[in-house]
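Below: one structure, written as structure tokens.
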Protein chains: 2
Amino acid sequence: MPQTMTSADLRVHNQIRLLRAVHDAAEPFTRAEAARLLGIGRNTAAALVGELERARLLHEVPAESGARGRPTTMLVPHPEGPVAFAVDFREDSWTLASVELGGAITELEAAEHDRTPAVFAAIRAAVARHETPRLAVLGFATSGPIRDGHRLHISHLGWDEVELNELVGDDWPATVIDNDARLAGLAESRRGALRGMGTAMHFHIDFDIGGTLLLDGDAQRGAHRIAGEFGHMPLTGSPLACMCGVRGCWSLDVGANALVRRFGGEPGYGTGRELAQEVLRRAEAGDPEAVSALDDNAAALGRGLGALANALDPEAISLSGMGVDLIRLRRPLIEAQCAEGLMAFRRDEPPTIMAGTVGEQGPLRGAAEMAWDAILDPDRLRERLHSG
Amino acid sequence: MPQTMTSADLRVHNQIRLLRAVHDAAEPFTRAEAARLLGIGRNTAAALVGELERARLLHEVPAESGARGRPTTMLVPHPEGPVAFAVDFREDSWTLASVELGGAITELEAAEHDRTPAVFAAIRAAVARHETPRLAVLGFATSGPIRDGHRLHISHLGWDEVELNELVGDDWPATVIDNDARLAGLAESRRGALRGMGTAMHFHIDFDIGGTLLLDGDAQRGAHRIAGEFGHMPLTGSPLACMCGVRGCWSLDVGANALVRRFGGEPGYGTGRELAQEVLRRAEAGDPEAVSALDDNAAALGRGLGALANALDPEAISLSGMGVDLIRLRRPLIEAQCAEGLMAFRRDEPPTIMAGTVGEQGPLRGAAEMAWDAILDPDRLRERLHSG
DNA sequence: AGTTTTTGTTCTCGATAAGAACATAACAAG
DNA sequence: CTTGTTATGTTCTTATCGAGAACAAAAACT
């Protein structure tokens, strides 16, 4: 029982419903349409919008009138309203972007980095270069699990429980951080292939597999915020020991690491990724050993997805990273192996497996969604409404 | 955006908060305590309770005064208020009970059955024998997955997609049906070992393993309402083919079926369960082969739990059915194997593994919770408040 | 130019919860 | 036995919210 529910809370609640409708809509809509959408009267809509306009959250612009009736206004994000910054922090580069209500995104800066935690200072400096009073919340996507929201662990970079509270300190704007695979899934769930689904899953396949379970548009985090290591379940019977400390992980058979290992490459970041891409190209060209490696990879992917579908029953599964290549090149094999892993009675209704539509921008857009979730929080909104 | 949020909805919302507080509380509390708990004024609490009293949902009884201050009243379920009926339908027997607000349970009837769908008529007759105007919703727990909420599949009974809409027809009271393993988990989450946890899991181990992911006190159902078949993921490397149509299922190594197979018994319900219990007894007595079988079973359980914890990051995992015996007899082995399956960086914070505290009543109590969730639905409550 | 259609605006109304002031009924202290 | 203390119940006022009806306004259609 957190807080009471009073008339003022009611107003904030309905204003958030309105803002979220604007944020989530594919096309902008008018104030009258908003009233119908939310099931409120036109007078109430006018009052809600009026306050939000004064708080610089919404802006009304004259709608070009094509139909009959008195002219109305479109509800658009306020030009001086809050924005979210989003950072996609990768193993060798980062991107900073600004995202408005509604999802319009502007890339601000991008750079490579030296794989030491010093990069956080560089990112902070970039944020400072672009900082504006409009910046409300910064969403930060990084690879690797983040325990309890502040202890970052990226084994590939040799980062062992890096303390984020020391790197992202009080001089940062309000910041929310999460895992890239989870945020990519969140982006698909909010603005991509999984939009509107009650139960879905997303997997990002890079060197290994990370993913997330998406329920009603929310990415599940787990008790210590480190849910999503689906790649470290023994789903395909591998006998090998995994870098994570477990034997037989799914990720040993799916993803770039599996390809690289097969061709004797180094499982590092620079050359490893190139080699994996090279294998995919050779497989497309028909090289028998590359074809075999690709087939094994795709088959293992499908087998694992079937197993997970038995347990979690997603409506659809979207893929990003190398998963996009796998589904493009070997969809029938993946689906056949998925069916093989599905309990017989489920095979007539298998989960849809598809490439994500947000693509490479997944972590960035997911970070923005996470930041906007924080901006559209009742307490924060109440404060903003009453201060201005 | 389903419904609007008006002042009347606010009242219902707060009344539901109050009713749920009463329902979930371990000990009854007074009206003044309720006001503090919900963060509302005493006057508001009086108004809310007054309406709920008139609607026969709450009842105020004088509290024995031990302390100073003006005497107050305890909030208890109304003696003429709605009740939920709960049915636990097992493979050879069923139980019918009545459950009040707050969880007080009264067993009404129990019987064996002949394993044909005709048993539904017998259960309906039992419900009729005990039916009262107080009956609001019937919660029904059955083993086996129920696709889309109405197609029941129990392979052990030879029931292949039995159409529940034909068996539970218009002559039934309002009925909600779900899977027994999921409802056992719901019971643990609401009234048992998992109470108050944000992310937890429950597994019921019988002939095989069924389970559920519990998030904020809610059991996840999946897109087709058939989530939870964790036992049919290949987590332990078994080479065998499973009855479900997949190869290598976890359930081939954990549960009564694994014990029965090892000792050459029939994997049927009557003798199979007895044989499994016999093996457990012999293992306790020190019989080497039984000990080995029990060890294998427990080790496979732990190994699978570790894998699942990597993916879903539960705070705790509770067990029912044969899982209670396994945790009692082989906790160290289970925990060691779980740690082996956990990614190295998680091993210092493993999920708590424990026996459920609701025990055999899990499905029944879970069915009651599900039914009460339906009773405490805003629409239903609004109707009840305005009709009386 | 008049009609139709859609939306904006204004006003009233009922309901909600907050808050303050006061009443009440127990226990405790003298 | 009387008086004070304390926690709670009760009453009344007030601000706010959304609903709803009536009316005004502005476009397109006829």
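Quick note on labels: first sequence line is chain A, next is B, and so on, each numbered from 1. These figures come from a predicted structure and were not determined experimentally.
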Less than 4.0 Å between a side-chain N and a carboxylate O, is that true for [Y] and [X]?
X	Y	value
B:D379	B:R384	no
A:D178	A:R225	no
A:D373	A:R20	yes

(message) If you assign A:A47 and B:T30 each to the DNA chain D nucleotide with the nearest heavy atom, which residue ends up on the more 5' nucleotide?
(response) B:T30

(message) For A:R68 and A:P71, find the nucleotide of DNA chain D closest to each by heavy atoms; which residue's nucleotide sits nearer the 5' end?
(response) A:P71

(request) Just call it for A:R11: base, sugar-phosphate, or nothing, with non-hydrogen atoms closer than 4.0 Å on any strand. (result) sugar-phosphate

(request) Using a heavy-atom cut-off of under 4.0 Å over every strand shown, decide if A:A35 touches base, sugar-phosphate, or nothing. (result) nothing

Rounded to whole angstrom units, what separation is found between the [atom1] atom of [X] and the [atom2] atom of [N]?
X	N	atom1	atom2	result
A:L10	D:dA19	CG	C1'	12 Å
B:R17	C:dA17	CZ	P	10 Å
A:R42	D:dA21	CZ	P	12 Å

(message) Taking 4.0 Å as the cut-off, does a side-chain nitrogen or oxygen of A:N14 come that near to OP1 or OP2 on D:dG18?
(response) yes

(request) Choose from D:dA19, C:dA21, C:dA17 the nucleotide whose nearest atom is closest to any side-chain atom of B:T6. (result) D:dA19

(message) From C-beta outward on A:R70, which listed nucleotide comes closest to its side chain: D:dT10, C:dT9, D:dT16?
(response) C:dT9

(message) Taking CZ in B:R11 as the centre, count heavy atoms belonging to other residues, nucleotides or ligands within less than 6.0 Å. Is the count above 12?
(response) yes

(request) Give a yes or no on whether a donor-acceptor pair under 3.5 Å exists between the nucleobase atoms of C:dG19, that is its base, and the side chain of B:N43. (result) yes

